[in-house]
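Contents: one structure, followed by commentary.
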Amino acid sequence: MSERSPAPGGLDLVETLVNTLDVETGADSLDTPEGRARFGLTEGDVTGARELRESLRATLLAHAGHPPHRTVTPLGELLAGAPLVVTVDAADGSAALAPAGDGSLAARVAAAVAEALVAGTWIRLKACEAADCHWAYYDRSPAGRGRWCSMQVCGARAKMRRYRAKEA
């Protein structure tokens with residue numbers, strides 16, 4: 001839905017995962033082999049991926065100051081068992097957290113969250129406040145107070161609803 005550029009670094013994975021569901025239409029790209037392939041998922045992985053996606057969505061809504069869209073498993077619980085390892089670059093000595101072993105989706109998300117925490121970008125990944133949207137977007141506004149994935153769509157709809165409510 002959004003015309004915004006993708007989130008930086010590993011947050012692009014999180015943003016892309018959350019946006020596999022179009023809340024307005026109910027279309028879920030995890031229902032298709034192509035949609036699952038983007039994340040290296042099998043059909044058997046879909047239930048867990050959806051649980052992770054909706055927990056991420058609730059967290060991104062919290063980043064924007066909104067209550068969860070529904071009851072979800074807390075993100076910390078889902079990521080607690082995600083195997084990560086510290087990698088150190090031999091050339092420059094830089095270190096990073098990376099998924100261990102098979103690189104499960106939860107481990108890749110945990111590594112992306114850790115990277116974003118260090119970079120200070122995690123809190124800028126948000127979910128649109130529009131109840132019929134909740135699309136993930138990276139808030140690049142100077143004050144970090146973005147509310148909608150798209151000012152032209154969700155923002156305009158919200159402003160029009162407020163205007164019509166005043167007129168009534």
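Values reported hereafter were calculated over all heavy atoms of this structure, with side chains retained and with hydrogens, waters and symmetry mates removed. One is the number of the first residue; the rest follow in order along the sequence. Values in this document were obtained by computation on a predicted structure and should not be read as measured data.
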Query - With Leu125, the side chain to side chain contact (heavy atoms under 4.5 Å, CB included) member among Leu56, Asp12, Val113, Leu60 - result: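 Of Leu56, Asp12, Val113, Leu60, side chain to side chain contact (heavy atoms under 4.5 Å, CB included) with Leu125 is met by Leu60 alone.
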Linked, directly or transitively: [X] and [Y] (ILVMFWY side chains, under 4.5 Å):
X: Tyr138; Y: Trp135; value: no
X: Val109; Y: Leu117; value: yes
X: Leu61; Y: Leu78; value: no

Where [X] and [Y] come nearest, the two heavy atoms and their spacing:
X: Leu79; Y: Ala106; answer: CD2-O, 3.5 Å
X: Ala100; Y: Val85; answer: CB-CG1, 3.5 Å
X: Val14; Y: Ala112; answer: CG2-CB, 4.2 Å
X: Val72; Y: Ala58; answer: CG2-CB, 3.7 Å
X: Glu15; Y: Ala7; answer: OE1-N, 2.8 Å
X: Leu97; Y: Ala111; answer: O-CB, 3.9 Å

Interatomic distance, [X] atom [atom1] to [Y] atom [atom2] [nearest 0.5 angstrom]:
X: Leu17; Y: Glu54; atom1: CG; atom2: CD; answer: 9.0 Å
X: Leu21; Y: Asp31; atom1: CG; atom2: CG; answer: 9.0 Å
X: Asp45; Y: Leu105; atom1: CG; atom2: CG; answer: 8.5 Å

Whether [X] side chain and [Y] backbone form a donor-acceptor pair below 3.5 Å:
X: Arg57; Y: His69; result: no
X: Asp89; Y: Ser94; result: no
X: Arg36; Y: Leu41; result: no
X: Thr20; Y: Ser29; result: no
X: Arg124; Y: Ser141; result: yes

Query - Contact check, side chains of Leu13 and Phe39, non-hydrogen atoms, under 4.5 Å - result: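 SC-SC contact between Leu13 and Phe39 confirmed.
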Requested in this report: Would you mind reporting whether Arg53 and Asp28 have side-chain heavy atoms less than 4.5 Å apart?
Outcome: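 Contact flag for Asp28/Arg53 side chains = yes.
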